[in-house]
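To keep things clear, I will list the structure first and then write my remarks on it.
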Amino acid sequence: MYDLLNVKGLKTAFKNNNQRVSVVNGVDFGINKGEIVGIVGESGCGKSVTSLSIMRLLHDTTGDIQDGKVTFKGENLLDLSERSMRKIRGKEIAMIFQEPMTSLNPVMKIGKQLMQGIILHLKYSKEKAKKHAIDTLKSVGIPRAEDIMNEYPHQLSGGMRQRVMIAIAMSCEPELLIADEPTTALDVTIQAQILELMKRLQSDRGTAILMITHDLGVVAEVCDRVIVMYAGRVVEEASVDELFESPRHPYTKDLIESVPKIGERKSRLYSIPGHVPNPNQMPNGCKFAPRCQHAMEICFNKEPELTSEEKRKHRCWLYQQNNVGREQNLGSK
Amino acid sequence: MAEIVTKTDYMPKSRGKLRSFCAAFIHKKTAVASFFFFCLLIILALIGPSIVPYNPQTPDYNHVLQGPSWLHLAGTDEYGRDVFSRLIVGTRLSLGVGISSVLLGAVAGTILGLISGYFGKWVDKTIMRICDVFFAFPDILLAIGIIAILGPGLQNVVIAVAIFNIPSFARVVRGKTLEVKEMLFIEATRSIGATKSRIIFKHVFPETFSTIIVYLTMNLGTAILAAASLSFLGLGASPSSSDWGAMLSMSRDYMGTAFHLVFFPGLIIFLTVLSLNIMGDGLRDVLDPKSKD
Amino acid sequence: MGKYVIKRIIGIIPLLVVVSFIVFLFIHLIPGDPARLIAGKEATVKEIQAIRHELHLDEPIFQQYLIYMDGLLHGDFGESIKSHIPVMHLIGERMLPSIELSLLSMGWALVFGILIGVLSAVFKNRWPDYGGMVTAVSGISLPNFWLGLVMIQLFSVQLGWLPTGGADSWKGYIMPSIALGAGIMAMIARFTRSSLVQTLKEDFIRTGRSRGLSSMTIVFGHALKSSLIPVVTVAGLQFGFLLGGSVVVETVFSFPGMGRLLIDSIQLRDYPVVQAELLLFSFEFILVNLVVDLLYGFLNPKISYET
Amino acid sequence: MAANNLLEVKNIKKYFPLSKGWFSAKGHVKAVDQVSFSIQRGETFSLVGESGCGKSTLGRLINGLIKSDDGEIIFKGKNLTGANEKAWRSYRKPMQMIFQDPYASLSPRMKIKDILDEPLKIHHPELSKETRKTMVQEILDVCGIDAYHLDKYAHEFSGGQRQRIGIARALILKPELIIADEPVSALDVSIQAQVLNLLKELQENYQLTYLFISHDLSVVEHISDKIAVMYLGNIVEISPAEDIFSRPKHPYTQALLSAVPIPNPKVKRERIMLKGEIPNAANPPKGCKFHSRCPHAMDICKTVEPQLKKVEGQMVACHLY
Amino acid sequence: KGPSDSESASSAKNDKDITIAVNQNFTTLDPQNVSDTLSISATHAMYEGLVGFDKNMTIKPVLATDYKVSKDGLVYTFNLRKNVKFHDGATFDANAVKANFDRIQGSKGSLTASHYLKNLKDIKVIDDNTVQFTLTKPFSAMLNKFAMIPMISPKAIKKYGKNIGLHPVGTGPFEFVKWNQGESLILKKNPDYWDSNYPKVNKVTFKSVPENGSRVAMLKTGEADFVYPLPEQNVKSLKSSSDISIDQTESTIVRYVSINTNKKPFNNKKVRLAMNYALNKDTYIKVVKNGFGSKLDSTMSPKTQFYSKQGVYEYNLDKAKKLMKEAGYPNGFSAEIWGDTASDTMKGMQFVQQQLAKIGIKLKVKAMEQGTLSNEIYSPKTPDQAKVQLWYVSWSPSSGDADGATRSLFSSESFPPNGANTAYYKNNEVDSLIKKANKSTDPDEQAKIYKQIQKDIYSDAPWIFLGVDTILSGHRNNLKGVYVLPDGSINIKNAQLK
Ligand SMILES: Nc1ncnc2c1ncn2[C@@H]1O[C@H](COP(=O)(O)OP(=O)(O)OP(=O)(O)O)[C@@H](O)[C@H]1O
Ligand SMILES: Nc1ncnc2c1ncn2[C@@H]1O[C@H](COP(=O)(O)OP(=O)(O)OP(=O)(O)O)[C@@H](O)[C@H]1O
Ligand SMILES: [Mg+2]
Ligand SMILES: [Mg+2]
């Protein structure tokens, strides 16, 4: 049990071509107050959908939450009325979206977009909100912030938009910040500045951050704990140090292996062979089994549970030998 | 690419475009109901004259202006003709003229609007200013001009109503085009080397489509009435032909005394426009990839 | 933008000259002889000739145009062939009521149209949507005269609340503006709905929601503005048509607008009146459309005009 | 050497008018200001730099999507300056672009298979439907997207998937030059590795040339032959890849390199933190645009704008050298 | 209850104000340039001529006290009324009369009134109160024409020039107050009117209310005290109302279908007769005229000068069929019927179409916009170029005279484009009779001649004779004295509120 957010058995499915396809399939994790948790995982494994599900923002898509529980400060968000949910969004949980271009209102000036939330949640006067907005913009490293307040998103570069998104989310000092790849479009100096800012937010205000990213460097730098997802499931969870030091799940290992490192130029980078299975052909057993170098027979037949071991969790038969044995015995009977 | 081991040949049973379209449409109950109503109208347009209870042209001076009864479901008109039969027989003319003129106007107007909006600059200026002048011309003047140039005739009514419609469609589509052409995916399409015509018709047009549908379905009623008023100027059908708009306009003086004469033609025009609008909405939903159901 | 506006306004002048020529040609070339129509059925050829001479109708058409333009340059729109009343006077007196009526009709049509459209879009495919649709379709497919006469019967004859017509008090504007606005409201409602439905699916709406904005703020503060381009387009069009007057509504409510004057003048081939009205309407449309174009730029900053 | 240049950019310039006032523009954002460089066939030329310094704008200029205010673009020996849209069109087959914003650059009403089919239809109308279909499937497969997704629309994909679709669209034509604007930013490292391998492989096999824009310096290092560092509309350094990482010359390059996060929580590194306000692109500082934040700023930097000059095989625009 | 709640209806009115709702706009208030009956009604309230019409359209002196016509019919002498002042204070005298006639003749045909003075040679001022007109040739209907020429204040003619149409100044019982273009015309009592018995109301407002339903509604709410025309359809429902009365007046308006006698098969009299017999006039009145109207039993209405009743071609289908057979068209033929786009014209044309279908004549109804129609009819230079076959139309002699109801319709001089003889009717005897009637100054002789003319023409059947309109007007019961003349103009001089 974590004291801020608990996600249990979250299951989200989309409907297309009249079939329901689960893309998030029983995700469990949690965040404590003032903690920075990273989520990494295969592209398309459901990270963004998970965060949208937490915020209950699937409203306008064909997707809906099928099962599970999202408790935020003791309340199940999934049971809340839209009205109470509104009070939580932005103020208590804020979100930085992955795609900054389409996530900003193209016909509204940056300043107005920023100030709207500030006025709504912090109940600032207009002038104060404006000042706060400009300060926030400056803090995320936007040059000529006053001018930018009067510009429209299409006049900004990709990275600037992303910073505006960040500013919008951070402006109301939420208790939980879900950041979906917040720094992909930023150069490393700005990135460093933003990460710094987030850390400060965490230490000063006790904001918890759920950081979804592909950049393991970022993870290493800011996160306390990391969750690794694969094919709609959590496959591993550990503290940053442990994860980088001794990754358990073969997928995590492979992932770390794939990172290009400065100064180690090689002609080919390592990449995990094979594809993520498509939702229609999900293997019965472990979803990673077809690509796994250590796959055993059981891996193809039965899906492992997410098991805790000390402070970490993993979903792999390799570390559940006891269970394996028993299951196999049962199976052979 | 040795590492790609699992080359999947699996494909979802990719239904034909039409079939998946129909499948999606079927789910919209109101749209389907409207579709059936519309089919009924089409059937009436085709076989109407042979199934009506009375000859729509035969007067009966002993039973003029009678209200609805079992004998005359929608009453009789000032010559004692059966309104119900006239409505049914009028389907062909009204729908035919209405739909064809609106479609014609929509097609031409859409093309002009797309070109004007996408090319901009002098092309836009020229087309739009011509439209402005057209707007200022009252229908009656255009009708007189068309009679003078083309002579009277039903097809010329279609042309006339279409001409009224062209500039409006052009402007509506142009407005949307101006908006769409600034979207990034248009730039992306340019970057792969697509020709202008391809961008306009394959990329911009679909984005304007829902706007066009709305304008088209809304304009049908107006077109039916406009066609009738042109008939009154001697452009089209003879005043004795049973066309809905003409029936409605002719009965104007009977508003206070024989309400059914106004009511029934009005009702059928209303239902037709309504059904088209519902179908239009259904179509819009089906064509919208983000649509929920 | 200022430059653009000035450029376009200056551009109107040569345009109007071209328009005046087209209009002149057109109305002189359509069949119908004003001399005959004014002199009546009994008139003899000689009388008709005399009138034609008096009106310069026997001169080559180009010559006639020059005479007309000469007058126009001196601010003289000529006088009605039929009544010898100066055209400026005929039009001038009708213009103000027409403009007032148009503004009023447009005003309420916009407000209600957008409201209905928003409701329909927000409650898409639920009963408010169907209600909105039926209202809109009624608005457009009920003929003006029907609506007008029913209202007169109800509000004037039965209830005695409003005068049957005329423009001598503000009450006289109510029913005509409703009759005129109904169709426009319908159009606006449908366009708003269709456009808004699409906008509400955009990602930035999700951003809005993620920030806890209320549905009201999201719809009116975020979605509406980017949905308004088609709405503004039709509203502009309809406003132009409104200014030109509506014969039916003017007839039903005995309203002194420009529509009936135009129709009457056309039927009599009262060239100077028709000419002046058409010029005026062209001017109006060009102006209204200029405003619409500027609004585009306001509604969507990516649309730019600088050439 | 010049003969081998696939692309040459000379003194190119793009100013965006700043929020329009009623009568005149209030000023300009100097997005790209007098940039020159050349790319050889078969080379990977990377652009790195501060966010908002004009990289994407440069890419769009080269692809002719926006008109430059000044300067020349010479592609395959042809000067494209002032060419009309039609002329540009014929260069777009050999010159493809991957957009920074993958989602917004995909047609919202087209299925993925149609989006990918489109370039083929335009440039290879001779191919049969079947052939095209297989080509689409192949390229998707290579980019790591299952054929299962062919019938989906752009909004039904995850960020990384969309990005791969954008890559696939550019690759499907086997162009000579690919302008890749942050092509792998949204990909997880494994797929990123797969895509980078693919790009390299294609380059080896078909002599492809890349203009690679990225913030991920480790990726840049891995893929590039030459790296240009941009700052506020100017190129401040152009060097061969190996050199820039071992011997960064320009102070900004040095700061950049020091800021790269390392995927190992144990390793902490000395980082050059840039101080000072980020300068305004509408009103950049006089002299060297970087001087306001430069740890080594001298007096001359405040007045004289340094030009690119050769320093030990690298081109640097800095008064230090 | 209605009107008292309605602000605009009640506040603007007091006991001595009346409102008259009419169906059109006034076109001009220049009394010498009006051509539509409605504007004539308005000008007649403000202006007077030397002579005028009474309720039955017979001539009576107005601004002249009496007049004399010379034996040869060439010289007309008028003695003018004394002590008459124009609204602007100018005195009405012989010079004023001359100024008016000079204005008309000086207009070179652009004023409508100049058509009435085609035969006028000169005008002489004998003394202050006597004027004398000399004609170029005798013209029996000249007095009627004088009745159509009201006198404008010479001072005003000078002052306003061309714009006199906006600033009427006459001698009539009412003075001009305001004309709101397209909406209303407001007149007030002339306190110095020469006949001190008149006028009896203070203010008269004419409102133009083109929509039939709206006009009726105004009568019901009391917003209008008098409406004209009253739609026939509404008579029944209004009759039951206790504060509204309906007046019927037989008009001079005749309805007919002119048959181009110059064209096959219409040059065959039997065909024309057959068409007349095939048409049921009773049904015509019932269906097309909603029961109001009478059968047309001559070439003119009973209210026209020198009318003489003929035997109606009563509905007889067998006879019609027989005639068709004799004429060689047992199976009928196809033809076109033309008409304007007014809704009652279209209704009438359809009725004719239905009726003639019974004897095999297949009519194509072609409604044409006024200008186009007039062009089609008047542009042919010779009878052979004419394309018109049947024309559904009505006629009303503008000054109620027999000449006006005959010459332009039936004289061979009046083939279009010279007149309205669209039947291309040519009968030498009729031609000479018309001339003779014009020369005659003796009313009895004229009556005889016109009787013969009517008989000849009626039996030749150049028209399908349909009906004579009945004029319907409605008024609130407290209003008396406003009436409609047979030519459709409204007289308000006697208006009085109870
Ligand atoms: N609107 C939608 N309709 C249908 N499927 C969707 C939709 N949105 C996402 N998906 C599918 O859900 C899966 C998970 O998507 P999600 O966006 O959560 O991935 P992700 O982990 O964020 O990946 P990335 O790192 O690439 O952003 C993907 O396979 C995607 O195709
Ligand atoms: N359409 C436009 N109108 C006005 N200014 C613009 C426009 N497009 C870009 N800019 C400005 O030009 C500058 C450079 O933008 P550009 O998109 O090229 O940056 P970038 O180097 O790609 O940055 P990033 O790495 O963040 O994507 C920015 O300051 C931006 O504000
Ligand atoms: Mg994502
Ligand atoms: Mg960029």
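Chain naming here is simple, since letters A, B, ... match the order of the sequence lines and numbering starts at 1 in each.
- Counting only heavy atoms from C-beta outward, the side chains of E/Asn418 and C/Glu47 never approach each other to under 4.5 Å.
- Side chain to side chain, E/Ser35 and C/Lys82 meet the donor-acceptor criterion of an N or O pair below 3.5 Å.
- A donor-acceptor pair under 3.5 Å links the side-chain atoms of E/Ser214 to the main chain of C/Val252, judged by distance alone.
- Looking at E/Thr27, the atoms closer than 4.5 Å to chain C (heavy atoms on both sides) sit in the backbone and in the side chain alike.
- Under the 4.5 Å side-chain criterion, counting only non-hydrogen atoms from C-beta, C/Arg269 is not in contact with E/Ser374.
- To the nearest 0.5 Å, the span separating CG on E/Leu166 from CG on C/Leu90 amounts to 7.5 Å.
- Taking CG from C/Leu261 and CG from E/Asn25, the interatomic distance works out to 8.0 Å, rounded to the nearest 0.5 Å.
- When all heavy atoms are compared, the tightest approach of E/Thr372 to C/Pro31 is CG2-CG, 4.2 Å.
- Contacts between E/Thr112 and chain C at a heavy-atom distance below 4.5 Å are absent for every atom of the residue.
- When C/Asp264, C/Ile152, C/Ile85 are compared by the number of non-hydrogen pairs under 4.5 Å with chain E, C/Ile85 comes out ahead.
- What you find for E/Thr221 and C/Val157 is that their closest heavy atoms are CG2-CA, 3.9 Å.
- The environment of CZ in C/Phe283 is sparse: at most 12 heavy-atom neighbours from other residues, nucleotides or ligands sit within 6.0 Å.
- Of all heavy-atom pairs spanning C/Gly165 and E/Glu223, the tightest one is N-OE1, 4.3 Å.
- Across all non-hydrogen atoms, the minimal contact from C/Arg260 to E/Gly182 is NH2-O, 3.6 Å.
- Residues of residues 50-64 of chain C lying under 4.5 angstrom from chain E, judged on non-hydrogen atoms, are C/Ala50, C/Ile51, C/Glu54 by number.
- For chain C, the option among E/Ser408, E/Ser208, E/Pro210 with the highest count of heavy-atom pairs below 4.5 Å is E/Pro210.
- Heavy atoms of E/Gln370 lying under 4.5 Å from chain C belong to its backbone as well as its side chain.
- Of the listed residues C/Asp33, C/Leu149, C/Val248, the one with more heavy-atom pairs under 4.5 angstrom with chain E than any other is C/Leu149.
- A donor-acceptor pair under 3.5 Å links the side-chain atoms of C/Glu93 to the main chain of E/Gln181, judged by distance alone.
- Residue E/Glu369 holds its CD atom at 8.5 Å from CD1 of C/Ile266, rounded to the nearest 0.5 Å.
- Contacts of E/Lys207 with chain C are made by side-chain atoms alone, with heavy-atom separations under 4.5 Å and no backbone atom involved.
- Proximity of a side-chain donor or acceptor of C/Arg36 to a complementary backbone N or O of E/Ser379 within less than 3.5 Å is not detected.
- Only the side chain of C/Leu268 comes within less than 4.5 Å of a heavy atom of chain E; its backbone N, CA, C and O stay farther away.
- When heavy atoms are compared at a cutoff of 4.5 Å, E/Asp30 does not approach chain C at all.
- Atoms CD and OG1, from C/Gln267 and E/Thr341 in turn, are 5.5 Å apart once rounded to the nearest 0.5 Å.
- With a 4.5 Å cut-off on side-chain heavy atoms, E/Lys220 and C/Gln158 do not count as touching.
- Heavy atoms of other residues, nucleotides or ligands lying less than 6.0 angstrom from CZ of C/Phe112 number 12 at most.
- Summarising the geometry, atom NE2 belonging to C/His84 is positioned 7.5 Å from atom OG belonging to E/Ser107; distances are rounded to the nearest 0.5 Å.
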